[in-house]
Amino acid sequence: MPTPLAPRARARLLRWFRAERRALPWRERRDAYRVWISEAMLQQTRVATVIPYFERFLARFPDVEALAAAREEDVLAHWSGLGYYRRARTLHQAARSIVAELGGVFPSTRTGLLELPGIGPYTAGAIASLAFDAPEALVDGNVERVFARLFALPGALGSSSLKERAWELARELVPRAKGAGEWNEALMELGALVCLPREPRCGLCPWEADCAARALGRAAEFPAPKARKPGLEVELEALLVERSGRILLHQRAAHEGRMALMWELPTRELGSEHLFSAHWPLQAGRVLLREGEELGRLRHTITHHRIQVVLRRGELAAQPRGAGWCWATAGDASGLALTGMTRKALRGRCASPLSRA
DNA sequence: AACTCGGGGCG
DNA sequence: CGCCCAGAGTT
């Protein structure tokens, strides 16, 4: 198969990247641990969102041993607000596996990396190439979009056909000897800075003359948009139970699909859909809570649910005891693994902002 | 192959 | 308000 991209074009991308690459915290030093944490956080999450989380996380868990030794709840607390909390759990499990089974040494091959929980095809390629400069390809949303335009590939964004074709091209194009990491990073950076989803800045692009979609005058039309379902409407009721300056929080069960082990205001779902729990959290089968006056409403969106939360004052019918309940001050709350919804509900009510030190 | 999982920022 | 983001795991 002929090389789909001329050597001059390849060199043009690298020249562009060396001139334009952003200074990002995880680019300061390239060890496997830092690459891994940044890649895990960056899954489906914007760079600007990740930066403060990355710095707090690295300060608290500076290496894989520190992460492995931490309690899961502490890891979750440092993830609170980032979303996709399974990432934090698999990160923690993988750290323990690396320390317990691999002597604290990071796998340096794609196949070795794929054995670890939370590391899929993209992240394995990223760690192998960025941290170890192994000749491994990667395809993320940026690369998929760049290739869809550069080669005018058919298929919707995220479709298996486009994704598979993008992986083939990525494997063909990645440097065999050295420089795989820089090449991969340059591709992603081009997607992040120039080959933007809505309005590509073709005038700034090192591949403007090479781009098939541009030649058709339809760069912005590639890739085809993904079909999306409308979010389901959900109405929740959350209770603010206060006692001597503290707020009652409830911890979601470990087996909950969503946001397991995260802390939240006691919550139930109104209406009949029951996409969330329809009842107040119980203790030994007993109802502990009664709802009082309405305090306000807020909107929150999680993946496919559009949620309206009615915030009410709550009263205790019995004394909550044992694990799964806590009385938190504003200060405590900043160190807890709160759900985003609870964080939002408490914002402005807590004396100090919920910034995690 | 289709679904699920958070949350935010921007046009 | 819709769209998309340095995806992975489950069904």
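Within every chain, numbering begins at 1; the chains are lettered A, B, ... in the order of the sequence lines, protein sequences first and strands thereafter. Since this is a predicted model, take the numbers as computed values, not measurements.
With hydrogens and angles left out, the side-chain atoms of A/Glu73 and A/Trp263 include a donor and acceptor closer than 3.5 Å. Side chains of A/Arg252 and A/Thr339: no donor on one and acceptor on the other come within 3.5 Å. In summary, the side chains of A/Tyr122 and A/Glu39 do present a donor paired with an acceptor at a separation below 3.5 Å, with no hydrogens or angles considered.
Rounded to an integer number of Å, the gap from A/Glu39 CD to C/dC5 P is 15 Å. Between the CE atom of A/Met188 and the C1' atom of C/dA6 there is a distance of 5 Å, rounded to whole Å. Atom CD in A/Glu189 sits about 15 Å away from atom P in C/dC5, given to the nearest Å. Rounded to whole Å, the distance from CG on A/Leu91 to P on C/dA8 is 13 Å. Separating the CD atom of A/Glu256 from the P atom of B/dT4 is a distance of 16 Å, rounded to the nearest angstrom. We find that CG of A/Leu190 is positioned 14 Å from C1' of C/dA6, with the value rounded to whole Å. Atom CG of A/Leu157 and atom C1' of B/dA2 are 16 Å apart (whole Å). With rounding to whole Å, A/Glu144 atom CD is found 11 Å from C/dC4 atom P.
The listed nucleotides are B/dG11, C/dC4, B/dA1; the one nearest the side chain of A/Pro197 is C/dC4.
A donor-acceptor pair under 3.5 Å is formed between the side chain of A/Arg27 and the backbone N or O of A/Arg22.
In this structure, A/Trp325 and A/His250 have tilted ring planes: the angle between them lies in the 30° to 60° band.
Under the 4.5 Å side-chain heavy-atom criterion for Ile, Leu, Val, Met, Phe, Trp and Tyr, A/Leu288 and A/Trp280 are members of the same hydrophobic cluster.
Sorted by first and then second residue, the side-chain hydrogen bond (donor to acceptor under 3.5 Å, both in side chains) pairs with a member in residues 126-140 of chain A read A/Ser129-A/Asn184, A/Asp140-A/Asn142; sequence neighbours excluded.
Straight-line distance between the P atoms of C/dG9 and B/dG8: roughly 24 Å, to the nearest whole Å. Rounded to whole Å, the separation between the C1' atoms of B/dC5 and C/dC5 comes to 14 Å.
Phosphate proximity of C/dG7 to A/Thr123: absent, as no side-chain N or O sits under 4.0 Å from OP1 or OP2. Regarding contacts with the backbone of C/dC4, every side-chain N or O of A/Arg145 stays at 4.0 angstrom or more from both OP1 and OP2.
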Which atom pairs link the protein and nucleotides 5-8 of chain B when you take only N or O atoms and keep those under 3.5 Å?
residue : atom : partner  : partner atom : Å
B/dC5   : OP1  : A/Arg258 : NH1          : 3.0
B/dC5   : OP2  : A/Arg258 : NH1          : 3.3
B/dC5   : N3   : A/Tyr84  : OH           : 3.4
B/dG6   : OP1  : A/Tyr85  : N            : 3.2
B/dG6   : OP2  : A/Met259 : N            : 3.4
B/dG6   : O4'  : A/Tyr84  : N            : 3.1
B/dG6   : N7   : A/Tyr84  : OH           : 3.4
B/dG6   : N7   : A/Thr303 : OG1          : 3.0
B/dG6   : O6   : A/Tyr84  : OH           : 2.6
B/dG6   : N1   : A/Gln44  : O            : 3.1
B/dG6   : N2   : A/Gln44  : O            : 3.4
B/dG6   : N2   : A/Thr45  : OG1          : 3.0
B/dG6   : N2   : A/Leu82  : O            : 3.2
B/dG7   : OP1  : A/Tyr85  : OH           : 2.9
B/dG7   : OP1  : A/Gly340 : N            : 2.5
B/dG7   : OP2  : A/His300 : NE2          : 2.7
B/dG8   : N2   : A/Arg46  : NH1          : 2.1

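A heavy atom lying under 4.0 Å from DNA chain B marks none of the residues of residues 16-26 of chain A.
The number of heavy atoms from other shown groups lying within 6.0 Å of CD (A/Glu199) does not exceed 12.
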Evaluation steps, side-chain contact (heavy atoms from CB on, under 4.5 Å), between A/Leu316 and A/Leu248: CA-CA 10 Å; A/Leu316 287 174; A/Leu248 181 66; 4.0 Å; yes
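Where A/Arg27 and A/Gly118 each meet DNA chain C at their nearest nucleotide, the meeting point lying more 5' is that of A/Arg27.
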